[in-house]
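Chain naming here is simple, since letters A, B, ... match the order of the sequence lines and numbering starts at 1 in each.
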Amino acid sequence: MTTNKQKGWKEIPKGGLILEAGNSEKYETGSWRSLRPVRDENKCTNCLICWVYCPDSSIIVKDGKIKKIDYDHCKGCGICAAECPVNAITMVDESEFRNEKTEKGGKK
Amino acid sequence: MSKNTVAITGNDAAAYAIKQINPDVMAAYPITPQTALVQKFSEYVADGLVKTEFVTVESEHSAMSACVGAAAAGGRVMTATAANGLALMFEIVYIAASSKLPIVMPVVNRALSGPINIHCDHSDSMAARDSGWLQLYSENAQEAYDNTIQAIRIAENMKVRLPVMVMYDGFITSHGIEMVDFLDDEVVHNFVGDYQPNNPLLDPEKPLTYGPLDLYDYYFEHKRQQAEDIKNSKPIILDVAKEFEKISGRPYGLFESYQLEDAETAIVVLSSTAGTTKEVVDEMRAKGKKVGLLKPRVFRPFPYQEIAKALSHLKAVAILDRSDSFGAFGGPLFTEIRSAMMEFGKIPENIDIIYGLGGRDINEQDIEGVYNQLDAIAKSGKVKERIQYLGVRE
Ligand code: SF4
Ligand code: SF4
């Protein structure tokens, strides 16, 4: 998708270079997802195994506990659901959430 | 004659230019007819005459990949290739240009397979004409030497920052021995100057990314930038030529005109065939025939306006293509020039002569025949056959 907010050819670095480090967060890969990991807080033991395995750093932890899943970047690979020892994570078809808005616009 | 005049092959002349440029990195794979260049340069490396890191690679795909890596890291980088070697590095040739890496590469023109052939035509570099590299064509060993040195300054100019190919004809120029005037080492060092890296990867203070994924949202903008940058290289090429003339006494432009100003008919041809054509022009001029020659030096960016203007006074012009563009309306040089004439000039009658494929010789009688045909076209105003093949058996 292209929008009017995106920069024109005179305004962007040449050669396709990205001139700043640590910028991958700005690329919201959440829009690629077709299955969404949904965590059952009642089942979850906060063992943090999903946090270790998530390839996209999308399991957000605060004070040693799972705070949330970052749906703006989670690609829906299902690794967390497969690794969870207590089956607290279920992969749900994104079509179920069609009308829901995420914080920053990941998959709607 | 100055003390720097030597009898030397085109390959050795180009290798000597690279020795004097003394790049940080050279990654190259030997391929006929470029082999002698790489061999000579590796001697300079072995003898400690250059500080260049010479990367021996297992293929041209790796050669250009190593060049891209070294140039992105922040080094002055060169390589050289020909024909199938250029074809094998093709993917990375595009990446070098789109990443804006000022790599300089002599391409010793040779026919692309198949059937396999090792002799001269321009099908290799013409296939790369849309890769985003600048292209300079050289008539002889002297021009191969001079263009290689100038290419460094053009490529590295901050307004250009694009890779440059320097072409010369396989075997005819690469292996033929000619008189070449070399500049002093010191003069070349001063002319090319110290390398100024632009966004080097090896700068820990400024971490950055080369070659990220670029989809429908920004790829087009980056291509638009490339179109602009290569267009803007034209005045830089001329500035560099002016400076080069000061140190060498040898003038260069976007193209060379030979007896063109008052000519009624002319031939347009690249590289070594232009040398043969000059002889024919001299002989025919001595007999009172008003014939001329235009030899393009810069093919990318194509000086369409300037060439169309320089040809506009002619009655008829033959454009000689040493490569075909199968299924197109003529070879690459013809289609460019005919299209430019439509836009910018009065249009002289024009024909395309495809010749010399796979090293098929073209001699003075052949060229005189082309001028005679142009004369008949100029008189009758009629072109019997627009696209012709010269020197092929029926
Ligand atoms: S589905 Fe994959 S990307 Fe998303 S949170 Fe689980 S492991 Fe991470
Ligand atoms: S792996 Fe399962 S139990 Fe462990 S923290 Fe993640 S969701 Fe909770």
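Ranking Leu215(B), Leu208(B), Asn198(B), Thr209(B) against chain A, the residue ahead of the rest is Thr209(B), based on heavy-atom pairs under 4.5 Å. Interface summary for chain A: among Asn199(B), Leu101(B), Asp214(B), the most heavy-atom pairs under 4.5 angstrom belong to Asn199(B). No other option in Gly8(A), Gly16(A), Ala21(A) has as many heavy-atom pairs under 4.5 Å with chain B as Gly16(A).
Glu221(B) contributes no side-chain N or O that, together with a main-chain N or O of Glu11(A), makes up a donor-acceptor pair within less than 3.5 Å. With Tyr218(B) contributing its side chain and Lys7(A) its backbone, the two residues share a donor-acceptor pair below 3.5 Å.
Nearest approach of Ser99(B) to Leu17(A), heavy atoms of both residues: O-CD1, 4.4 Å. Residues Ile12(A) and His222(B) come closest through the heavy atom pair CD1-NE2, 3.5 Å.
Around atom CH2 of Trp51(A), no more than 12 heavy atoms belonging to other residues, nucleotides or ligands sit under 6.0 Å away. Other residues, nucleotides and ligands place no more than 12 heavy atoms under 6.0 Å from the CD atom of Glu53(B). In this structure, Tyr304(B) places its OH atom where only 12 or fewer heavy-atom neighbours from other residues, nucleotides or ligands lie under 6.0 Å away. When the shell of 6.0 Å around NZ of Lys10(A) is examined, it contains 12 or fewer heavy atoms from other residues, nucleotides or ligands. At most 12 heavy atoms of other shown residues, nucleotides or ligands fall within 6.0 angstrom of atom CE in Met342(B).
Interface residues of residues 226-244 of chain B toward chain A, defined by a heavy-atom distance below 4.5 Å and sorted by number: Glu228(B), Asp229(B).
Between the CD atom of Gln225(B) and the NZ atom of Lys14(A) there is a distance of 6.0 Å, given to the nearest 0.5 Å.
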